[in-house]
Each structure stands twice: as C-alpha cells, then as structure tokens.
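I have placed the structure first, in the form of structure tokens, so that the comments after it can refer back to it.
We count residues from 1, following the sequence as given. Hydrogens, waters and symmetry mates play no part in the numbers below; they use all other heavy atoms, side chains included.
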Amino acid sequence: MNGGKQLEPEFVQYRAMRQEIAALRRQRAALYVTDTVRASASEHPYLAHTVAIAGKDQRLTRRIDARIERLRRRCEAVENTIVAEEDSRDRLVLSLRYLEGSSWREIGQRMGTGEDAARKRAERFFVRSQKSEGKNTGSSK
C-alpha cells in the first residue's frame with residue numbers, strides 16, 4: 001500500500017502490540033525477587049542469622065508499566081480511528097483485518113466481495129487518512 005504511511009504501520013502492528021502488552025503483564029507479575037542477607041538482633045545477644053527478603057524490583061516494574069502504557073495508547077489510537085470511520089464497510093474491513101487478524105480472502109467472503117475489493121477498501125482508507133492528516137497539519141502531501 002502506498003498511502004497512509006504514518007497510520008498504516010500502527011494498524012499492521014496492532015495485534016503484535018496487544019500480544020506484547022500481555023507478555024509484559026506476565027513478566028511484571030513474575031518480577032517477585034527474593035534474596036537472603038546476614039543480620040543480627042538489635043539487642044544482646046547479637047547473634048548473626050540469615051533473613052529472607054522479598055519484593056518487586058520497583059525500577060523494572062516502573063519501566064514495564066511505562067512500556068505497557070505507551071503500547072496501550074498506540075492500540076487505543078488504532079481502535080479510536082476505526083470507530084471514528086464513518087463508512088461501516090470500511091470499519092468492518094479494518095476491524096476484521098487489523099483487530100481480528102482475518103485474511104483478505106476471509107474478509108472478502110464475509111463482505112460478499114473478493115479479497116482484492118477488501119484490500120482496495122483498506123488502501124483507500126489509508127490514502128484518505130494521509131490526505132486528511134496533511135490538510136490538518138498544513139503540509140502539502
């Protein structure tokens with residue numbers, strides 16, 4: 001596809017971003033760290049003993065949370081763009097292809113058209129989006 005260069009990659013990556021969010025959430029849940037330290041009582045007799053400590057790596061947790069939030073915002077932007085599309089056929093094509101991961105053939109069958117017609121509908125959407133973005137930013141694309 002030639003049009004919609006800025007928007008299209010976000011759509012193509014949508015499902016991978018959702019999977020990455022799920023993987024990061026699993027990783028975050030498994031961040032429980034345990035260690036042992038040598039310590040002694042605060043009062044006499046000052047006998048040394050081993051103490052187990054446990055907790056989450058807060059620095060890594062914050063980094064993972066920030067990454068999840070960035071990905072979540074990107075996914076939400078794709079979803080909002082699809083929902084905002086006025087043409088219900090375009091919404092259906094975009095939802096089936098980019099949110100659900102259907103093949104062009106499956107989309108064409110579901111819509112009662114060929115796969116080329118479904119693909120062309122998406123291409124036109126990205127071209128229109130690029131043109132309207134150019135008008136909104138004042139650039140001449």
Pair up each side-chain donor or acceptor in residues 34-43 with any protein partner under 3.5 Å, not counting sequence neighbours, and list the distances.
| unit_1 | atom_1 | unit_2 | atom_2 | d |
| --- | --- | --- | --- | --- |
| Arg38 | NH1 | Thr50 | OG1 | 3.2 |

Quick one: CE on Met17 to SG on Cys75, what's the gap to the nearest 0.5 Å? 4.0 Å
Taking 4.0 angstrom as the limit, do Glu106 and Arg110 come out as a salt bridge? no
Ile82 versus Phe125: any side-chain heavy-atom pair under 4.5 Å? no
Pair Glu76-Asn80, side-chain contact (heavy atoms from CB on, under 4.5 Å): steps then yes or no: CA-CA 6 Å; Glu76 189 175 280; Asn80 289 341; 3.6 Å; yes
Would you say Tyr14 ends up clustered with Trp104 if hydrophobic residues are merged whenever their side chains have heavy atoms under 4.5 Å apart, either directly or through other cluster members? yes
Please say yes or no: joined through hydrophobic side-chain contacts below 4.5 Å, possibly via intermediate residues, are Ile21 and Tyr98 part of one cluster? no
Those residues that, when tested against Glu115, pass salt bridge (charged side-chain N to carboxylate O under 4.0 Å, His left out) (two or more places apart): Arg119
Taking all non-hydrogen atoms of both residues, which atom of Lys56 and which atom of Arg28 are closest, and how far apart? NZ-O, 3.8 Å
Stepwise, does the side-chain contact (heavy atoms from CB on, under 4.5 Å) test hold for Glu8 with Gln130? CA-CA 10 Å; Glu8 185 181 359; Gln130 184 181 22; over 6 Å; no
Roughly how far, to the nearest 0.5 Å, is CZ of Arg74 from CD of Glu20? 8.5 Å
Indicate yes or no: does Arg15 engage Glu100 in a salt bridge with an N to O separation below 4.0 Å. no
Donor-acceptor pairs under 3.5 angstrom involving side-chain atoms of residues 87-94: please list them, not counting sequence neighbours.
| unit_1 | atom_1 | unit_2 | atom_2 | d |
| --- | --- | --- | --- | --- |
| Asp87 | OD1 | Arg89 | N | 2.7 |
| Asp87 | OD1 | Arg89 | NE | 3.4 |
| Asp87 | OD1 | Asp90 | N | 3.2 |
| Asp87 | OD2 | Arg89 | NH2 | 3.1 |
| Asp90 | OD1 | Arg121 | NH1 | 2.8 |
| Asp90 | OD2 | Arg128 | NH2 | 2.7 |
| Arg91 | NH1 | Glu85 | O | 2.5 |
| Arg91 | NH1 | Glu86 | O | 3.1 |

Output yes when Glu69 and Arg72 qualify as a salt bridge under the 4.0 Å nitrogen-oxygen rule, no when they do not. yes
d(Gln13 CD, Leu71 CG) to nearest 0.5 Å is 9.5 Å
Electrostatic pair Arg18:Glu79 at N-O distance under 4.0 angstrom: yes
Here the gap from Ile68 atom CD1 to Gln27 atom CD, rounded to the nearest 0.5 Å, amounts to 8.5 Å
Work out which heavy atom in Leu24 is nearest to a heavy atom in Ile64; give both atom names and the distance. O-CG2, 3.6 Å
